[in-house]
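Heavy-atom basis, side chains included; hydrogens, waters and symmetry copies ignored.
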Protein chains: 2
Amino acid sequence: MQASHDTRQRIINAAQELIYASSYNEVGVQEICDHARVKKGSFYHFFPSKRDLALAVLEQSHTFMRDEIINKSFHDDIPPLARIERFFTLLYEFHKDSRENTGSVFGCPFGNLGGEMSTQDEDIRNKVDSIFTASEKPFEKALAEAVERGDLQAIDTAATAKAIFAYTEGIMLYAKTSNNPELIRELGKHALQLTVAVNMQ
Amino acid sequence: MQASHDTRQRIINAAQELIYASSYNEVGVQEICDHARVKKGSFYHFFPSKRDLALAVLEQSHTFMRDEIINKSFHDDIPPLARIERFFTLLYEFHKDSRENTGSVFGCPFGNLGGEMSTQDEDIRNKVDSIFTASEKPFEKALAEAVERGDLQAIDTAATAKAIFAYTEGIMLYAKTSNNPELIRELGKHALQLTVAVNMQ
DNA sequence: TTTTTAGTTGACTGGTCAGTTAAATAAAGG
DNA sequence: CCTTTATTTAACTGACCAGTCAACTAAAAA
């Protein structure tokens, strides 16, 4: 116990940072340990496998996103639909900062891991899927409130929330592949269109 | 030249299949060669590196998608907006078949590779980005035609096409992480909402 | 027929992969 | 104090990684 008592936490933090900046398969356990100033043997004292570390990283990233983006966006100090707009603003600022500080847009940590690992690891796929489903909820709540207030005509709030969140994932992927955070701002503006009923002949 | 003359093509086909079903970093050159019935030395006769193979795979996948989904969807035998709906129908059927035959929804081959590799390989990122940009074009063309016909009020067709394609990427990622092709059908229904102007107070 | 070129083969490199093990050390509890 | 438990350390495993190389074969060009 020469090292401090937060070894496990340092490992998660290092993995979160390294995997988010590249990919699960590109980052090795050794590299994570070096970055966390931990010996590999210690790593396997705290985690049965690299895969279990990934699940812990997903959990921590979910907490981070909920605290730093979701909760701040959906606070009820402004009208419900404005909260959705604020969500895209905060998302944009987060990725713009990342782009300025690191040179890269990293996209969505859940979408990244889900896209890479869903066909290889069922536990990771399920974890990402549950995070996605949970992330729809604040959108759904805002939409229901907007309908109640009369800001929106009656819609299927659950389906619409899912559509908006799927759109968000697409936007983040697009921003990553173009390495351009501005896409989040430009495409985010269209998100509320998914809330209106459309009548095509 | 004991083996047939299509060695290079067999390598690309094997890589396309294997990488699409898992991920770039999960599939090794040796595994690709085994699957293509080619010795590893031959591989490096045709490709300078695994990365260059990935670029060739992206090119071939792009051709496939254009021929099998894009062109079939956007043929002008039906009205322009109906072509966009047909695109999601074909996309759904493709992934439903995949799910039935393999047990898994694999998502978008470009989105998968872009999400995994964009921060690690600039050439791959640029290739995916250019495929994305090219894929917006048939949407844009259909939208412009719809505006011309009076099916749609005047909109920014380029921005809307980009929004619809980003939404498509999000849908495919969501379908992959939930391993559920039905999401493509259910969420695809909302795509045309991105074509209408919205007026929120 | 001889030379050149394209393609094939299998053995090989050095490095890295995830994961293991046994012993050492430190902290906590009695 | 002594025992138990948690944690750390370094050396290790065997498999696999992308990529190299020189020798070989066959077809095409001269």
Side-chain angles (χ1 to χ4, degrees), chain A residues 1-58 113 116-125 127, chain B residues 1-58 113 116-125 127:
Chain A
M1 284 195 185
Q2 195 164 314
S4 49
H5 59 291
D6 60 347
T7 308
R8 190 188 136 96
Q9 191 56 53
R10 288 211 314 279
I11 294 171
I12 295 178
N13 292 347
Q16 185 175 27
E17 191 176 326
L18 292 171
I19 292 175
Y20 185 43
S22 56
S23 73
Y24 176 82
N25 280 300
E26 191 73 14
V27 180
V29 171
Q30 188 61 62
E31 185 182 353
I32 292 168
C33 290
D34 292 348
H35 201 263
R37 283 160 298 129
V38 162
K39 304 294 153 125
K40 207 202 275 201
S42 284
F43 173 89
Y44 284 98
H45 174 73
F46 290 102
F47 298 96
S49 71
K50 185 188 179 187
R51 195 190 66 98
D52 289 272
L53 169 64
L55 292 171
V57 166
L58 281 171
L113 219 49
E116 182 182 0
M117 301 295 294
S118 282
T119 54
Q120 298 166 48
D121 191 301
E122 190 72 358
D123 286 345
I124 290 181
R125 186 188 69 69
K127 183 81 191 174
Chain B
M1 286 193 185
Q2 194 165 315
S4 49
H5 58 289
D6 61 345
T7 308
R8 189 188 137 96
Q9 190 57 52
R10 287 210 316 280
I11 294 171
I12 294 177
N13 292 346
Q16 185 176 27
E17 192 175 325
L18 292 171
I19 293 175
Y20 185 43
S22 54
S23 73
Y24 176 83
N25 280 299
E26 192 73 14
V27 180
V29 171
Q30 187 62 61
E31 185 183 353
I32 292 168
C33 290
D34 292 347
H35 202 262
R37 283 160 300 130
V38 162
K39 305 296 155 128
K40 206 203 278 202
S42 284
F43 173 90
Y44 283 98
H45 175 72
F46 290 102
F47 299 95
S49 73
K50 185 187 178 188
R51 195 190 66 100
D52 290 273
L53 169 63
L55 292 170
V57 165
L58 281 171
L113 219 50
E116 182 182 359
M117 301 294 295
S118 282
T119 54
Q120 299 166 47
D121 190 301
E122 190 71 358
D123 286 345
I124 290 181
R125 187 189 68 70
K127 183 82 191 171

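Residue R8(B) is the one, among G41(A) and R8(B), whose nearest nucleotide of DNA chain C lies closer to the 5' end (criterion: closest heavy atom).
Minimum atom distance to the side chain of S49(A) is reached by dG19(C), of the listed dG19(C), dA18(D), dT8(D). With dT8(C), dT8(D), dC17(D) as the candidates, the nucleotide lying closest to the side chain of Q30(B) is dC17(D). You'll find that the side chain of S42(B) is closest to dT8(C), out of dT8(D), dT8(C), dA18(C). Distance from the side chain of F46(B) is smallest to dG7(C) among dT8(D), dG19(D), dG7(C).
A cation-pi contact links K50(A) to Y24(A), judged by a cut-off of 6.0 Å to the six-membered ring centre and 45° from its axis.
The base of dA18(D) sits with one of its N or O atoms less than 3.5 Å from a complementary donor or acceptor on the side chain of K40(B).
Distance, K50(B) NZ to dC16(D) P: 15 Å, rounded to whole Å. Atom C1' of nucleotide dG19(D) and atom CG of D52(B) are separated by 13 Å, given to the nearest angstrom. The CD1 atom of I11(B) sits 13 Å away from the P atom of dG19(D) (whole-angstrom rounding). Rounded to a whole Å, the CD atom of E26(B) is 12 Å from the C1' atom of dC16(D). What separates CZ of F47(A) from C1' of dT7(D) is a distance of 14 Å, to the nearest Å. The CG atom of N25(B) sits 17 Å away from the P atom of dC16(D) (whole-angstrom rounding).
A donor atom on one side chain and an acceptor atom on the other are found under 3.5 Å apart for D34(B) and Q30(B).
Between V57(A) and Q16(A), the shortest heavy-atom distance links the atoms CG1-CA, 3.7 Å. The two residues S22(B) and V27(B) come nearest to each other via the heavy atoms OG-CG2, 3.0 Å.
Y44(A) has no side-chain polar atom (N or O) that falls below the 4.0 Å cut-off from OP1 or OP2 of dT20(C). Side-chain N/O atoms of K39(A) include none lying less than 4.0 angstrom from OP1 or OP2 on dT8(D). OP1 or OP2 of dT7(D) has at least one side-chain nitrogen or oxygen of H45(A) nearer than 4.0 Å. Close to dT7(D), at under 4.0 Å from its OP1 or OP2, lies no side-chain N or O of T7(A).
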Between Q9(A) and N13(A), does a side-chain hydrogen bond (donor to acceptor under 3.5 Å, both in side chains) hold up when you go through it step by step? CA-CA 6 Å; Q9(A) 191 56 53; N13(A) 292 347; 2.9 Å; yes
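No engagement by F43(B) is indicated, since no non-hydrogen atom pair under 4.0 Å with the nucleic acid exists.
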